Each structure stands twice: as C-alpha cells, then as structure tokens.
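Keep in mind it's a predicted model, so treat the numbers as computed, not measured.
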Number of protein chains: 2
Amino acid sequence: MVTIKDVAKHANVSITTVSRVLNQTEHAVNSETRERVLNAIKELGFYPNAMARGLHLKETKTIGLIVQDISNPYYPSIVRGVEDVAQELGYTVILANAYRSRERTTKYLNVLREKRVDGIIFTGGGAVKDAAEDNFFERNPVSTVVIGKSCNAKMPSVQVNNVQASREACEHLIRLGHRQIVTVTGPEDSTTVVDRLEGYRQALMANGIPYRDEFVLRCNFEFDEGYKAVERFLDVSNDKVTAIFAQNDMMAIGIMKALKEKGLKIPENVAVIGFDNIPLASFVTPMLSTVAVPIYELGRTAMRIMSDLQSGHEISRITTLPTKLLLRQSC
Amino acid sequence: MVTIKDVAKHANVSITTVSRVLNQTEHAVNSETRERVLNAIKELGFYPNAMARGLHLKETKTIGLIVQDISNPYYPSIVRGVEDVAQELGYTVILANAYRSRERTTKYLNVLREKRVDGIIFTGGGAVKDAAEDNFFERNPVSTVVIGKSCNAKMPSVQVNNVQASREACEHLIRLGHRQIVTVTGPEDSTTVVDRLEGYRQALMANGIPYRDEFVLRCNFEFDEGYKAVERFLDVSNDKVTAIFAQNDMMAIGIMKALKEKGLKIPENVAVIGFDNIPLASFVTPMLSTVAVPIYELGRTAMRIMSDLQSGHEISRITTLPTKLLLRQSC
DNA sequence: ACGTTTTCTGCAAACGTTTGCGGAGAACGT
DNA sequence: ACGTTCTCCGCAAACGTTTGCAGAAAACGT
C-alpha cells in the first residue's frame, strides 16, 4: 500500500508538504511544488489512510445510523436522506441493522464506539432505550440525534406530530360519514402508537362518537398481523364496520388483502386509510390513502442536525416536520 | 476518551500486559493480573480504539457492501445475509448505496479504500464494471466477491442459473397450455436480463412456439415501467396474450395492477409469473407465483467466501445456488 | 548449589498521518 | 547596508495500539 512517505520521496519533498497539499490548508505551498506532489499522488495512486488520519485528528467523519429493520420499506428512505446529506457534508455513514434485537443493538453500539464514530443517529425509541439501559450515553460523549420521540430530553430529535396527523386522518373518515371506525395499532410500548391512538380517540370525542375498546386491534406494525387481525375481526364481530384506520401502511395493505378476500369492496364497503406513505402504498389496488410522513426529509434533517452538533452550532432540541393527508383511492 | 494507557495505570501494569489480556494471545499472563486488568477495563469503560489497532495490524475487520439501491426490496435480504455471517465472523460491514449512479459508486469506492476495508462485496455487474473502468482493481489489491455474474474471471462470484430458472418458469406456463407468452425485461446491458431472456427463448424453441420480438417488452426492472409497458401493450396489440413472464417481481406487481385495471382476471384471463421472490410477492392479491431466488443465502454465501478469501483458504471461483419454482395464485 | 527451563512482565519501535515550531532565503522598507 | 516581513519548507512529536525482544523471578532437574 502506498503511503504519504512514498509520495514525498517520489515528489522529492517532505511528508509535511504532501500533507499540506492534501489538506489544502491555508499554509502556503509553492504552486510548482504543489503540482509535483499532485502528480506523484496520481501516478502512485495514493489514497490517504483514514485510520492514521482519524487517529491523529480524533475525528472520523463517520456517523452510525441505527435502524430497526432495513427490510421494512419505511427505513430505506430515511437511510437515503441521511446518506445524501452526509455525502454532501463529507461524512460516511455506517448502517447498523438492529433487527429489533437488544443483543444486536448492543453489539453494534460497541462496534460504533470502537470505530470512534463522530455521532449516532437512532431511528425509533426502542434502540435509544436499549442504549440508555446499557448506560451507553453516560460513558460515551458521542453526539446523538433521534428520529422519533426521544426518551431523553437532552437528545435532539426530529419528529412528526403523530397525534395531530392521526386525528386529521380520522376526522376525514368521519367527515365522509363513517361512524364505525376500527383502528389497527402497533406495539403498545412505542410512543408512536400511543400518539396515533390518542389522535384517533380525540377525533372520535370531538365528534361525539363513543370510543370502543373492541374497535382497537392491537398488532405489531407488520403486514401479517394486520391481515390476520382484520380477518379475525370480520369473522367474530357482528358490528358493521365501515372504515379502518391502520396505524401504518404495511398493515393497511395486509388489511386490504383480508378485506378483498372477504369479498368486501374498498372503499365502497369499507374505507381504509394508512400512515407513513411508503412507496408501496401507491402500488396496491386500490391505491392507498394515507398520512404522508416526510420520511426522506426526516433523514436529511437528522443528518443536518448531526452536522450542526459536530460543529458546535446552536441547534433546536425538537424539530417537527409537517405531515400531509394524501387521499388516493382507498377512502 | 479512555485509552489503554489509562487502563494500564489503573491496573498498575504496562500497556503491553493490557493489550495481551485484551487480545487473549497465547502469551501467558498471570490470572490474578488478568483479573485486575479486566476490572480496570470495566471500571473505566474502556473500548479499544479500532483505528489505532487497524493502523498497526493493517486489517480493519471491515468489508464494504455495494448495493444498487436499498429501496429495492430485493436488496435488504442480501444485506441481512451478509450482515449475519459478518457478525458471526467478527466483521463489520459498511453499506454503500450506489443508487445506480456511476459518480456515487466512484465516491464510495474512494471512501472504502481510504477506510482500508479488507474486502468489497459487489451486487450486480454494473458496479463492478464501473469500478473496473476506474482501474479500481489494478491499483487496489483488495479482495472482492461479486453477487451475480462477474465480468472479470478472476473475481469469485456467487450466482444463480438464470437461464435455466427462466426456462423452467416459461415451460411451466407452456405446460399450462399458454402459447401467447409475453415477457417483460430489465435493462439490456444487464447479464441477468440477457440470461433470463435466453431462458424464455429456449423454452419457446423447445416447444415449437415461434419467438416474436413484439412479445418482449423492454423495461428497467421497476414497478412503474412494468405497469406502463403492459398497459400500452394491451391498448395497442390485438394479439390475445394469455400469460406474462415478468423478469422480476417488482414489475410483475406493476403488471398485475395494469391487468386488473383493464378488467382482466389473474390467472383466469392472463397468468403472471415473476422472478426473485421478494417478500412483497406474497402480499399482493392474487399472490404472485415466481422463481424463488435464495436472496438471503446469496448474501450469506458471499460473505463466507469473502472470509475464506481473507484467511487465504482455497475457494471456488463460481458458486451457483439453486432456484425453485414457487407456484402460488397468479398462474 | 547451580545451570536450565518456564512463567510472567515491560521497553520501545512501528503503523501513517497532522501540525507546532523553527529556519532559510527572498523581498522589502528605510 | 541592514533589519523586518513574507514565503516556503522540513523536523519531530503525537495519536493509541501490537509485538519482538529481553530480562527478572520462580520452578525445576541434577
């Protein structure tokens, strides 16, 4: 592997000089010398060793991004958002798939410390909680930003107003004339779920519709569970439901499948509305109406905040991005 | 940040000793001393600096994984396969999203060199070709493995027999009585596309069905294009097509949407078969029949080969994994 | 009792960078 | 002519590890 020393020898200068043209410091270097060095670099195919550099500078220009499960279509957009601005700003991102496993999260956290990443972006409260329980933050002064609700007030977060968005979605359903509205939820320890449920409840209250516990189907955000929950509900219940508010798109799509299999038309017999606006939502038939979360922008913003954190800028603790009700064909 | 020196001082030993218990070398260290060091490590919350280590060892235990687009549901399974065995073997993986951009690929390749990754796994021939054109391999003795067809005979690859699998899929259609079979392809410079098209052609030939160029719809593997291509075809052509062989699932799903919108029943009016078996395939209605590619295993195998490469083991240049015809509801 | 082996520990060099400091020579002002 | 400033360059220390080598003490064999 060719080192800076080789370049120096080849260009007949000291390594100091090579380093200086490499980093384009304000330190003056003669233009003819610079040219010679640049040539040597090209001829030898020299690429500076990031480890040596990082060791000295105590800075890696690398950040870790912890996602729960990259297979979940929600995450790739976040990743892309983070990556895009990271690239603009000269950062590399190490993607860590926690796969919802506490053990895996811990392992990755260790790797990230050993690699001395400059910061970590968490998606979802779960991972942050795991990390907190491992006392990760106490002994590691690494900067963090959370996408979603941060369990710790000191950590900056970028999020979306779930209760309001959820309320708007349900009120739309109500405006359409629906009074029998089922909601399908995610895991209950998720603050996202709590908030979206709260929005649902508020919409009902505000319109004088009684809240019925049988109408909230507790699931886990996955396709299968949405499918099964609704299938079961239709078999068992003799209430005539006219609308379903799925707390994410993945379940909404499972729900639509169950509905179709029962011979119910969407939206004529049952209206469906989802949440997130994953790409898939416009692929299904009928196209899914949903609450559009600016997923990509969530990623971008998180990375921007991270960068500000690095450079010591003042940052706002909580950034809220707007959602939008996206009416397609399912309601 | 606490260093090995701090640990040494705290445990009242030399850093040499700390390093030795850290790496559990065969070099003897008194058990009581070891205990003391271990305590110091825990008390101080010491995590060895991977950069310092890597600098000395000239080995990072890190590999790069280049994928075209993580949003494409095909890739997450690969990523997971690679990650899983990487973790087992003590490697970290840096995920690089090329987003099908030559520029982005080049940029990432540079980052990977500077970080001195031990090896790179490429998915798809495109990225390898880009890299080759940048003379990446000549000046970088980094080990590589390719998932898919390698354009360079020296690089080990793990792949699937596309022509045979494709042929089997089409022959199944023919056995079902179909003679008017349209195929929808991906970008023509992809060897995958060439092979799958070849399998289609072979199946026709072997069964005395003429190959008609109007029946191959040239697309780009994306949902939208599949949708539009078939929509257009149905509008224009007066041939009565009874089956469609989509060269990947994403397009197959787009095709199904187009079909449904034209009022055609699947599979009664038109049978559809896909390729890949992405998770989504079983979510749609009707569930998509497809050629199951062992995507996850592709990833696992690639990483295993990479590891063998690192340890200098003998490895086979080409590994072929079996596909399986997965008949669900769409044909 | 004394050489030999074994067990344990530490010194110091090396890995490839960055950068504070200092020095040589040219340019400049008077 | 001589101090001062400016431009350009290099020395060497430092970043945090690993490991070859050597040495001290203990255990062992005779």
Side-chain angles (χ1 to χ4, degrees), chain A residues 1-38 40-41 44-62 90 110-111 113-118 140-141, chain B residues 1-38 40-41 44-62 90 110-111 113-118 140-141:
Chain A
M1 193 98 276
V2 24
T3 76
I4 199 176
K5 210 181 285 182
D6 302 319
V7 176
K9 203 170 297 171
H10 195 269
N12 217 2
V13 295
S14 74
I15 60 173
T16 305
T17 303
V18 177
S19 174
R20 288 209 252 259
V21 348
L22 226 43
N23 300 301
Q24 346 192 38
T25 65
E26 77 299 340
H27 192 112
V29 25
N30 183 282
S31 69
E32 189 245 345
T33 316
R34 157 170 290 115
E35 217 48 47
R36 228 167 51 233
V37 171
L38 253 20
I41 289 177
L44 300 180
F46 167 69
Y47 286 85
N49 184 322
M51 288 182 291
R53 189 159 207 279
L55 188 56
H56 190 92
L57 262 22
K58 294 160 165 308
E59 169 195 72
T60 51
K61 282 290 185 181
T62 302
N110 285 348
V111 170
R113 314 193 227 220
E114 296 195 350
K115 289 205 181 298
R116 299 292 193 263
V117 294
D118 294 339
N140 280 72
Chain B
M1 192 96 278
V2 23
T3 74
I4 200 176
K5 211 181 283 182
D6 302 318
V7 176
K9 203 170 295 173
H10 195 270
N12 217 3
V13 296
S14 72
I15 60 173
T16 306
T17 303
V18 177
S19 173
R20 288 209 253 260
V21 348
L22 226 42
N23 300 301
Q24 343 190 44
T25 64
E26 77 299 341
H27 192 110
V29 26
N30 184 282
S31 69
E32 190 245 342
T33 316
R34 157 171 288 117
E35 217 47 48
R36 230 170 47 237
V37 171
L38 254 18
I41 290 178
L44 299 180
F46 167 69
Y47 286 84
N49 185 321
M51 288 180 292
R53 189 159 207 279
L55 188 56
H56 190 92
L57 263 23
K58 294 163 166 307
E59 168 195 72
T60 52
K61 282 289 184 184
T62 302
N110 285 349
V111 170
R113 317 191 225 220
E114 295 194 351
K115 290 206 180 298
R116 301 292 193 262
V117 296
D118 294 340
N140 280 72

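One finds the OG1 atom of A/T17 at 10.5 Å from the CZ atom of A/R34 (value rounded to the nearest 0.5 Å).
For the pair B/L22 CG and D/dG16 P, the interatomic distance rounds to 15 Å; values are reported in whole Å. Between B/K58 atom NZ and D/dT19 atom C1' there is a gap of 15 Å when expressed in whole angstrom units. Rounded to whole angstrom, the span from the CG atom of A/L57 across to the C1' atom of D/dA14 amounts to 12 Å. Following rounding to the nearest Å, B/R116 (CZ) and C/dG16 (P) show an atom-to-atom distance of 9 Å. Computed from coordinates, the B/L55 CG to D/dC15 C1' distance equals 9 Å when rounded to whole Å. Note: NE2 (A/H27) to C1' (D/dC9) measures 7 Å, nearest angstrom.
Checked by atom type and distance alone, the side chain of B/D6 pairs as donor or acceptor with a backbone atom of B/T3 at under 3.5 Å. In terms of modelled atom types and a separation under 3.5 Å, the side chain of A/D118 and the main chain of A/E59 share no donor-acceptor contact.
In this structure, of C/dG10, D/dC9, D/dC8, it is D/dC8 that holds the atom nearest to the side chain of A/A28. Distances from the side chain of A/T16 to the nucleotides C/dC21, D/dA12, C/dG16 place D/dA12 closest. When distances run from any side-chain atom of A/N49 to the nucleotides C/dT18, D/dT19, C/dG16, the shortest one goes to C/dG16. If you check D/dT18, C/dC8, D/dC15 against the side chain of A/H56, the one that comes closest is D/dC15. For B/I4, whose side chain is taken as the heavy atoms from C-beta onward, the closest listed nucleotide among D/dT17, D/dG10, C/dT9 is D/dT17. Candidate nucleotides D/dC9, C/dT19, C/dG10 were compared by shortest atom distance to the side chain of A/N30, and D/dC9 ranks first.
At the phosphate of C/dC8, neither OP1 nor OP2 sits under 4.0 Å from any side-chain N or O atom of B/T33. Contact between the side-chain N/O atoms of B/S14 and the OP1/OP2 oxygens of C/dT9 is not found at any separation under 4.0 Å. The side chain of A/N23 contributes an N or O atom lying less than 4.0 Å from OP1 or OP2 of C/dT18.
With sequence neighbours excluded, the residues satisfying salt bridge (Lys or Arg N to Asp or Glu O under 4.0 Å) with B/R36 are B/E32.
Side chain to side chain, B/N49 and A/R113 fail the donor-acceptor criterion of an N or O pair below 3.5 Å. Inspection of the A/K115 and B/T60 side chains reveals no N or O donor paired with an N or O acceptor under 3.5 Å.
Fit an axis to the five pairs at each end of the helix from C/dA1-D/dT30 to C/dT30-D/dA1 and the two axes sit 50° apart, to the nearest 10 degrees.
Mapping A/T17 and A/T3 onto DNA chain C by nearest heavy atom places A/T3 at the nucleotide closer to the 5' end.
No more than 12 heavy-atom neighbours from other residues, nucleotides or ligands sit within 6.0 angstrom of NZ on B/K9.
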